[in-house]
Structures are given as structure tokens and as C-alpha cells.
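Here, residue 1 is the first one in the sequence, and each next residue gets the next number. Note that this is a predicted model, so its numbers are computed, not measured. When a ligand or atom number is given, it counts from 1 through the structure's own listing order. All values below were derived from every heavy atom in this structure, side-chain atoms included, with hydrogens, water molecules and symmetry-related copies excluded.
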Amino acid sequence: MSTATSRSDLPEWKRLEEIARRLTVEPLGRIAADPERARRMLFRAGPLCLDFSKQRLDAEALKSLLLLAEKAGLPGKIRDMLSGGVVNPTEGRPALHTALRLPLGAELRVDGAPVVDEVHESLSRVASVVERIHSRQWRGFSGRAIQDVVNIGVGGSDLGPFMASQALGEFAPSEAEGLRIHFVSSIDGTQLADLLHTLRPETTLFIISSKSFTTIDTMANANTALQWMLNAAPDADMVIPLHFIGVSTRPDRMTAWGIPDCNQIRFWDWVGGRFSLWSAIGLPIALKIGMTHFRSMLAGAHFVDNHFRQQPLESNLPVLLGLVGVWNATFLDIRAHAVLPYDGRLKYFPSYLAQLEMESNGKSVDTGGQPIDYHTCPVLWGEVGSNAQHAFYQLLHQGTQMVSSDFIAPVRRYGLTHHDGEAHKGLQQQHQLALANCLAQTRVLMLGNSTADIRPDTPGFKRYRGNQPSTTILLDELNPHTFGMLIALYEHKVFVMSVLWDINPFDQWGVELGKKIAMDMVEALQGRPAADTDASTQQLLAEISRITGDGVGP
Ligand SMILES: O=P(O)(O)OC[C@H]1O[C@](O)(CO)[C@@H](O)[C@@H]1O
């Protein structure tokens with residue numbers, strides 16, 4: 001029986017509960033009215049600015065959160081993570097995504113072995129693939145250059161590269177012109193089938209991206225892609241080296257699948273799947289934006305790593321973002337969090353964060369294995385803010401559910417020169433409209449009725465309750481460097497929250513059982529249900545059998 005103290009027994013925790021009770025009954029508009037407070041709630045690091053002034057948080061709450069962070073040992077835990085300590089105890093390993101953005105010459109050892117050279121060696125392999133494809137030297141079985149690259153992966157082996165490629169598409173270098181990058185993840189084959197119709201085998205290259213190289217979704221898509229390729233050119237020994245690259249931590253499994261050594265790019269088990277876009281898993285990003293921009297993204301993340309390591313807690317951006325996250329989810333009991341970028345390029349950023357935050361911190365036992373008695377990760381979702389205004393903001397403004405939000409907006413876009421025509425000016429005005437909407441929504445969420453012309457006879461359906469807290473994140477502009485910063489900011493936010501909640505953010509045991517039961521269900525669909533299959537599922541199996549008319553199922 002563990003004798004360790006639960007976080008919620010700490011006096012610092014109890015103090016925060018008291019403060020939360022006091023602040024919950026105060027209108028958010030009143031808390032936020034003080035201009036001096038607003039000034040103190042805005043923080044900057046280089047081109048990144050975080051404004052917490054619309055949070056239900058005063059100086060005392062913030063100070064108490066910082067005290068809890070000290071008590072939880074956050075400064076030491078940050079050092080531990082960055083220096084390769086075993087911060088993922090259930091899998092017995094470090095979580096060293098930060099090593100992937102260390103510059104050449106930096107020193108870091110894992111189990112006594114230096115890692116920076118290996119990281120850069122892997123990066124050079126990525127660079128060499130990019131160079132061969134961009135220069136049209138990588139040719140398919142007919143001798144024609146590769147024109148389409150398909151990344152087959154799922155979860156962290158898909159979401160990060162996909163999201164980043166969408167966000168930074170306009171940074172594609174001229175060498176990448178004409179090269180199309182596609183992403184396939186879904187297990188049912190729809191995406192792949194739709195895509196294959198549009199591709200020519202002779203000019204298509206597949207990247208099989210899987211940390212474990214066993215994920216059934218990815219392997220099923222990879223096998224179908226291989227069959228499609230073999231229909232065009234049946235000699236697997238000739239075709240695989242020309243049309244398939246593997247990215248994984250498991251060379252043995254890549255070899256068993258048929259990928260030759262020269263087409264394998266490896267990374268390390270100390271890179272978590274959802275933190276892996278900085279590794280060779282980022283190959284599609286590098287193909288899309290070129291190595292110079294990919295390296296700039298790494299440098300942006302490294303900038304934030306240094307800030308995270310060096311800055312005192314009270315002015316440390318990821319720390320503050322994490323503390324505010326814990327404050328909202330745990331102490332103010334806000335169980336939903338929306339991420340709302342006001343820039344179409346960041347459309348897939350919320351889906352990426354959904355995995356990063358919920359797979360990391362959707363936990364209910366502490367690091368000692370004991371059940372915890374407080375709320376951890378809220379449900380996180382999001383969409384481009386201006387589109388979401390016409391979809392789910394109704395719930396944010398008038399629903400019964402409290403929701404905290406992050407509003408994200410690049411400030412500069414479409415800089416004008418005297419050569420630019422009217423269309424360009426129109427785009428700049430559109431960008432300003434997006435910014436205006438971002439500011440408007442955060443005001444209405446905070447202030448509700450008081451931003452509108454509400455009279456005593458105004459009916460209830462026209463009233464806005466306000467009091468919904470939000471953080472505004474401004475980037476000077478969106479480019480590979482600031483984008484790398486933004487992602488690293490959230491990665492470290494997730495770590496900070498996990499330390500305060502005393503949970504391990506680097507494992508994901510919760511997804512394992514579903515994978516095993518899915519294999520049982522494959523058996524059941526093939527007419528071999530386990531004897532202990534529950535009544536509800538037996539009934540569905542019988543229904544499926546009736547619809548397919550093939551007599552399978554129970
Ligand atoms: O890269 P892999 O090993 O195929 O895993 C894909 C994803 O599956 C998960 O393990 C969850 O099932 C994620 O953590 C991971 O990002």
C-alpha cells in the first residue's frame with residue numbers, strides 16, 4: 001500500500017480550491033477590468049505572445065499555482081526530462097523529443113551513449129531522400145521521376161506531418177514544385193482506395209511510417225499499397241526498393257516486411273509517437289517545405305526548449321499555459337477546451353493537439369499507480385475559429401457547458417509592396433477581418449451581455465452569459481520557425497500539466513485493450529466468436545451476419 005501523498009492532500013492544492021470558490025462567483029469581466037492586471041497577464045518570448053488576461057485568474061491564484069508547481073518539483077522535472085531522465089516510468093524510458101532539435105555539437109547522453117550525432121545522422125538521411133526526390137533523381141520502375149509521395153501512418157505517424165504540411169504549404173521551395181504529398185491513415189481503406197485511383201504506380205513512392213511497425217491500420221494500408229504496386233510491376237524485389245521507404249524504430253520489422261536497409265530511416269524508442277514529427281517521421285514535412293525550412297522549424301522548437309529550461313516559472317510561457325490549463329480543468333472544473341486558430345493554415349492543429357493532449361494526459365492513476373480524485377485532461381477539440389463561429393460557437397455563447405479556449409492568431413500576413421494589386425489588398429483585408437473576429441469573440445465570451453445592448457425587457461434567448469475564459473496566443477507571423485515554437489509550447493504545456501497532476505504523460509496504455517479486442521472481433525466476424533462475447537455484441541454480430549447473408553457470426 002502506497003503511503004505517498006495525493007496531490008489533492010497538499011496544502012497548496014487546498015488553498016487553490018479555496019481561491020477557486022471565491023473567484024467562481026465573481027463576474028469574469030470584473031476580474032479582468034483592471035488594466036494593471038491585464039498588463040501583468042501578458043507574456044512574451046521572441047515572436048510569441050500569450051495573453052492570459054481573459055482568464056478567471058487573479059494574482060493570488062497565479063501565485064498559488066506557482067507554489068503548487070514548486071511543491072510538485074516542476075523545475076527538477078523539467079531538467080530531468082530535458083536531460084534524458086526516465087520520465088516515462090511505465091515503459092522505463094526517457095522522453096527526448098527535445099533531443100531531436102538539438103544543434104550539432106550539443107551534448108546529451110542516453111544510457112551513457114551520445115545521441116546528438118545519431119539524431120543528425122538520421123536527419124542527414126532525411127535530407128538525402130529529400131534531395132533525391134526534389135532533384136528528380138529518385139525514379140520508379142519505369143525510369144520516370146517520382147511525382148506523388150504517400151505517407152501511410154496513423155496517430156503520431158500521421159497527424160503531425162499532415163498538420164504541419166498543411167500549415168506550411170506556402171513555404172514549399174521551387175524544387176518541390178509539382179511534387180504532391182498525400183496522407184493515408186484510416187483503417188477501412190477508403191482514403192487509400194480514393195487516392196490510388198488518381199495515382200500512377202510508376203511515379204508513386206510510399207513512406208510506411210510507424211514507430212512500432214506493427215500498427216494494424218498502417219500495415220493493412222501498406223499491404224494494399226504493395227499489392228497495387230505489384231499489379232503494375234510484379235517483381236517485389238525490384239519494386240519495393242524503388243517505391244517504399246520505411247520510417248520506424250524497428251529495423252527488424254521493416255526488413256521482415258521487405259524494406260531494404262538503404263530505404264529504412266530509423267528513430268528511437270525514446271521518441272513518443274505524438275512527439276515524433278521532429279524525427280524522420282517528419283520526412284513528408286521536409287519533402288513539402290524543403291530541408292532549410294524543416295531545420296528552421298526544429299530551431300523554433302529548440303528556442304522554446306531553451307526558454308522552458310532557463311526561464312523562471314513565473315515568466316515561463318509553457319509553464320504558465322500549463323498552469324492555466326490545470327486551473328481551468330481541475331480547480332474551476334471546466335471539462336472542455338476548444339482550440340480556435342484564426343488562420344486557415346492551422347486547420348488541422350486542433351486535431352493534432354487532440355492527440356497530443358488527450359493521449360498524454362487522459363489518465364486517472366498517478367505516477368504511484370493510485371487512482372486520483374481530481375479531474376485531469378479536458379475534452380479538447382477545435383476548428384478554424386471563423387468557421388467554428390458558424391458551427392459550434394452557439395454552444396460557447398449560450399450553451400450550459402463551460403468551455404475554456406485558446407485563440408491563436410498570426411498578426412502579420414500578406415505584407416503589401418507597391419507592386420501588389422487589388423486582389424492582394426483584398427487578402428490583407430481578409431486577414432484583418434479574421435483578427436477582428438478573433439478579438440470580438442474573446443470579448444463576447446468574457447463579457448457576455450455587457451458587450452451587447454441588453455435592456456431589462458430583452459428576452460433570454462438574446463442574452464449572452466459570458467464568463468467563458470480564454471487565452472489569446474499571438475504569433476508575429478506564421479512561418480516554419482514560429483510554427484516550431486508553437487508546437488513545442490504545447491508539448492511542454494502538456495508536460496507541465498502532467499507534473500501538477502502527478503501522471504505519466506508519455507505512455508498510452510488506454511489504447512491497448514481496444515487493439516486486442518479488435519483482433520477477437522476479427523475472429524468473431526469470421527465465424528469464430530469467443531464463448532464469453534457479451535449479449536449486445538453477439539446481437540450486432542448476428543445482425544451483420546443477417547445483412548451480409550453469409551452466415552458468419554454467432
Ligand atoms: O507509429 P505507430 O507505432 O504506428 O503508432 C501510431 C499511433 O498509435 C498509438 O500507439 C496509439 O494506438 C499512438 O500513440 C501512435 O502515435
among protein heavy atoms, the one nearest atom 14 (O) of ligand 1 is Glu359 OE1, 2.8 Å
Identity and separation of the nearest protein heavy atom to atom 3 (O) of ligand 1
Ser212 OG, 2.6 Å
Strictly under 4.0 Å, does any heavy atom of Glu512 approach an atom of ligand 1?
no
Using distance alone, decide if ligand 1 has a nitrogen or oxygen within less than 3.5 Å of any nitrogen or oxygen in Ser157.
yes
Just do the side-chain contact (heavy atoms from CB on, under 4.5 Å) check on Phe244 and Ile152 with the steps written out, would you?
CA-CA 10 Å; Phe244 289 86; Ile152 297 182; 5.7 Å; no
Any N or O of Ser210 closer than 3.5 Å to N or O of ligand 1
yes
Any side-chain heavy atom of Leu123 within less than 4.5 Å of one from Arg295?
yes
Identity and distance of the protein heavy atom lying nearest atom 8 (O) of ligand 1
Lys515 NZ, 4.4 Å
Run Leu525 and Leu541 through side-chain contact (heavy atoms from CB on, under 4.5 Å) and show every step you take.
CA-CA 7 Å; Leu525 284 169; Leu541 286 166; 3.8 Å; yes
Taken in chain and number order and not counting sequence neighbours, the residues that satisfy salt bridge (Lys or Arg N to Asp or Glu O under 4.0 Å) with Arg309 are none
Are any of the N/O atoms in Gly156 less than 3.5 Å from those in ligand 1?
yes
Considering only heavy atoms of Thr215, which atoms of ligand 1 have at least one such atom less than 4.0 Å away?
2 (P), 3 (O), 4 (O), 5 (O)
protein heavy-atom neighbour closest to atom 7 (C) of ligand 1 works out as Val154 O, 3.7 Å
Is the shortest heavy-atom distance from the side chain of Phe506 to the side chain of Glu91 under 4.5 Å?
no
Can you find a pair of side-chain heavy atoms, one from Pro161 and one from Ile281, that are under 4.5 Å apart?
yes
Is the number of heavy atoms from other residues, nucleotides or ligands within 6.0 Å of CG (Asp111) greater than 12?
no
